[in-house]
Novice: 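Got a structure for you, written out below as structure tokens; questions coming shortly.
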Amino acid sequence: MRRAILDDMRVDDEHVRVAVYRSFATTGTAPAAKELATALGTDTTDAVERLRRLAAARHVVLDDDRLVMAHPFSAVPLGFSVMGTSTLWWGGCAWDSFAIPHLIDGEPDVLVATRCPACNAPHAWVVGRDEPPPGAQVAHFLVPVAHMWDDIVHTCGHQRIFCHEACVDAWLTQTSHDRGYVMDLTTLWRLARGWYAGRLDPGYERREPAAAAAYFTEVGLEGPFWGL
Ligand SMILES: [Zn+2]
Ligand SMILES: [Zn+2]
């Protein structure tokens, strides 16, 4: 009996998760707990409790019970905008911004825009599903995978795209950060392409660490930064 009740709760939390993701996908913004409660036929207190459980399971990120992120979507600016034909998103980080066209049915390619954190130069790419966008820029990720969830908003805020390696070095000197991991745009696109597959659909399960490691290897990442 107890087991049956727990299973029911899990199904309801999944309804909330899917509602959050679909709202972000179609409107570009996070739904308020009150809107979720109305849509799902429950009260706001219940919706908030479910959001807290989803946050504990790393499906969403909350700040004071407000939705901040549901990867790859973000309710706050983290250096990127992503423009589709009918929706505009805060792109989260470099990884998340490049992932959005792979997830949204009606948006097979999007305009991703950012500025180099070192020199402020503007950069933009049309990112689609079939091949990586051309460009000699590089992505620099500051926080190793083992610590990405220590402060996920900080982590995503420091997964940025720079003009070239020299701008990464300049930024590391300016900010006194240790070097993280640098990859080209092709590797970033491959990383983003399948990472969030299925996340808009009911029944999604996050990858276990071993499956994540296999994915990172397959897309061409290497070394202890990725837990490999
Ligand atoms: Zn630069
Ligand atoms: Zn991110």
Side-chain angles (χ1 to χ4, degrees), residues 1-63 65-76 82 84-93 95-110 127-129 145 148-149 152-153 156 190-216 218-219:
M1 189 62 192
R2 184 176 159 73
R3 182 63 197 267
I5 290 167
L6 286 175
D7 283 349
D8 283 345
M9 285 170 60
R10 218 170 292 136
V11 169
D12 286 350
D13 286 355
E14 179 64 359
H15 288 156
V16 176
R17 190 195 69 78
V18 171
V20 168
Y21 269 86
R22 294 201 172 156
S23 175
F24 261 121
T26 54
T27 70
T29 59
K34 195 173 169 210
E35 292 172 60
L36 283 172
T38 305
L40 295 160
T42 185
D43 58 38
T44 305
T45 305
D46 180 61
V48 167
E49 277 171 16
R50 292 183 190 286
L51 285 173
R52 286 178 186 164
R53 278 201 295 274
L54 290 170
R58 297 180 175 174
H59 286 297
V60 301
V61 179
L62 300 181
D63 178 13
D65 289 341
R66 274 187 323 112
L67 276 161
V68 177
M69 303 186 79
H71 286 82
F73 305 112
S74 176
V76 295
V82 177
T85 53
S86 60
T87 308
L88 180 64
W89 295 272
W90 286 128
C93 64
W95 182 352
D96 301 329
S97 297
F98 271 48
I100 286 177
H102 300 285
L103 276 185
I104 311 286
D105 279 345
E107 300 282 7
D109 54 52
V110 297
V127 181
R129 294 176 189 166
V145 74
M148 280 182 178
W149 279 89
I152 189 64
V153 176
C156 277
R190 278 201 242 111
L191 169 65
R193 177 168 48 172
W195 180 252
Y196 296 114
R199 210 165 258 213
L200 266 56
D201 303 319
Y204 175 79
E205 291 188 17
R206 290 174 54 85
R207 281 185 187 79
E208 295 299 325
Y215 181 91
F216 295 148
E218 187 190 317
V219 301

Novice: Give a yes or no answer on whether the side chain of S74 reaches the backbone of G92 with a donor-acceptor pair at less than 3.5 Å.
Specialist: no
Novice: Determine whether the side chains of Y196 and D96 contain a donor N or O and an acceptor N or O closer than 3.5 Å.
Specialist: yes
Novice: So which heavy atom on H71 is nearest to which on I152, and how close?
Specialist: CE1-CG1, 3.5 Å
Novice: Between D43 (side chain) and D46 (backbone), is there a donor-acceptor pair under 3.5 Å?
Specialist: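 At least one qualifying donor-acceptor pair exists.
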Novice: Would L67 and V61 count as a side-chain contact (heavy atoms from CB on, under 4.5 Å) here? Give the steps.
Specialist: CA-CA 6 Å; L67 276 161; V61 179; over 6 Å; no
Novice: Between H59 and W149, is the gap from one ring center to the other below 6.0 Å?
Specialist: no
Novice: Where do A75 and A30 come nearest, in terms of heavy atoms and distance?
Specialist: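 Closest pair (atom of A75, atom of A30, distance): CB-CB, 4.0 Å.
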Novice: Does a side-chain N-to-carboxylate-O contact under 4.0 Å join R52 and E49?
Specialist: no
Novice: Could you report the tightest heavy-atom contact between A19 and L36, atom names first, then the distance?
Specialist: CB-CD2, 3.7 Å
Novice: Between atom CG of L40 and atom CZ of R50, what is the distance when rounded to the nearest 0.5 Å?
Specialist: 8.5 Å
Novice: Go through the steps to decide whether T29 and W89 satisfy the test side-chain contact (heavy atoms from CB on, under 4.5 Å), and finish with yes or no.
Specialist: CA-CA 7 Å; T29 59; W89 295 272; over 6 Å; no
Novice: Given side chains that start at C-beta, do those of E35 and T38 come closer than 4.5 Å, heavy atoms only?
Specialist: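 The answer is no; the side chains never approach within 4.5 Å.
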Novice: Specify the closest pair of heavy atoms between T87 and G28, including all atoms of both residues, with the distance to one decimal.
Specialist: CG2-N, 3.7 Å
Novice: Is any side-chain heavy atom of E107 closer than 4.5 Å to one of S86?
Specialist: yes
Novice: Within the structure provided, determine whether L51 and V16 are in side-chain contact (heavy-atom separation under 4.5 Å).
Specialist: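 Yes, at least one pair of side-chain atoms sits under 4.5 Å.
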Novice: Do the numbers put R193 on top of the ring of F98, so that NZ or CZ is under 6.0 Å from the six-membered ring centre and no more than 45° off the axis?
Specialist: no
Novice: Which pair of non-hydrogen atoms, one from G91 and one from S97, has the smallest distance, and what is that distance?
Specialist: O-OG, 2.9 Å
Novice: What are the two closest non-hydrogen atoms of A37 and T44, and how far apart are they?
Specialist: CB-N, 3.7 Å
Novice: Would a distance-only check, ignoring hydrogens and angles, find a side-chain to backbone donor-acceptor pair under 3.5 Å from Y215 to G194?
Specialist: yes
Novice: Using the side-chain contact (heavy atoms from CB on, under 4.5 Å) rule, take R206 and R199 through it: C-alpha gap first, then chi angles, then the decisive distance, then the call.
Specialist: CA-CA 9 Å; R206 290 174 54 85; R199 210 165 258 213; 3.7 Å; yes
Novice: Less than 4.5 Å apart, any side-chain heavy atom of L200 and any of L103?
Specialist: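 Touching, per the 4.5 Å side-chain cut-off.
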Novice: Please determine if R207 forms a cation-pi arrangement with W195, meaning its NZ or CZ atom is less than 6.0 Å from the six-membered ring centre and no more than 45° off the ring axis.
Specialist: yes
Novice: How far apart are the C-alpha atoms of V76 and W90, what are their side-chain angles, what is the distance that settles it, and do they pass the side-chain contact (heavy atoms from CB on, under 4.5 Å) test?
Specialist: CA-CA 7 Å; V76 295; W90 286 128; 5.6 Å; no
Novice: Hey, is D109 close enough to R129 for a salt bridge, meaning N to O under 4.0 Å?
Specialist: no
Novice: Within 45° of the six-membered ring axis of F24 and under 6.0 Å from that ring's centre, is NZ or CZ of R22 located there?
Specialist: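 Judged by the rule, R22 and F24 form no cation-pi pair.
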Novice: For the pair R17 and D13, find out whether any cationic side-chain nitrogen is under 4.0 Å from an anionic carboxylate oxygen.
Specialist: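 No, R17 and D13 are not salt-bridged.
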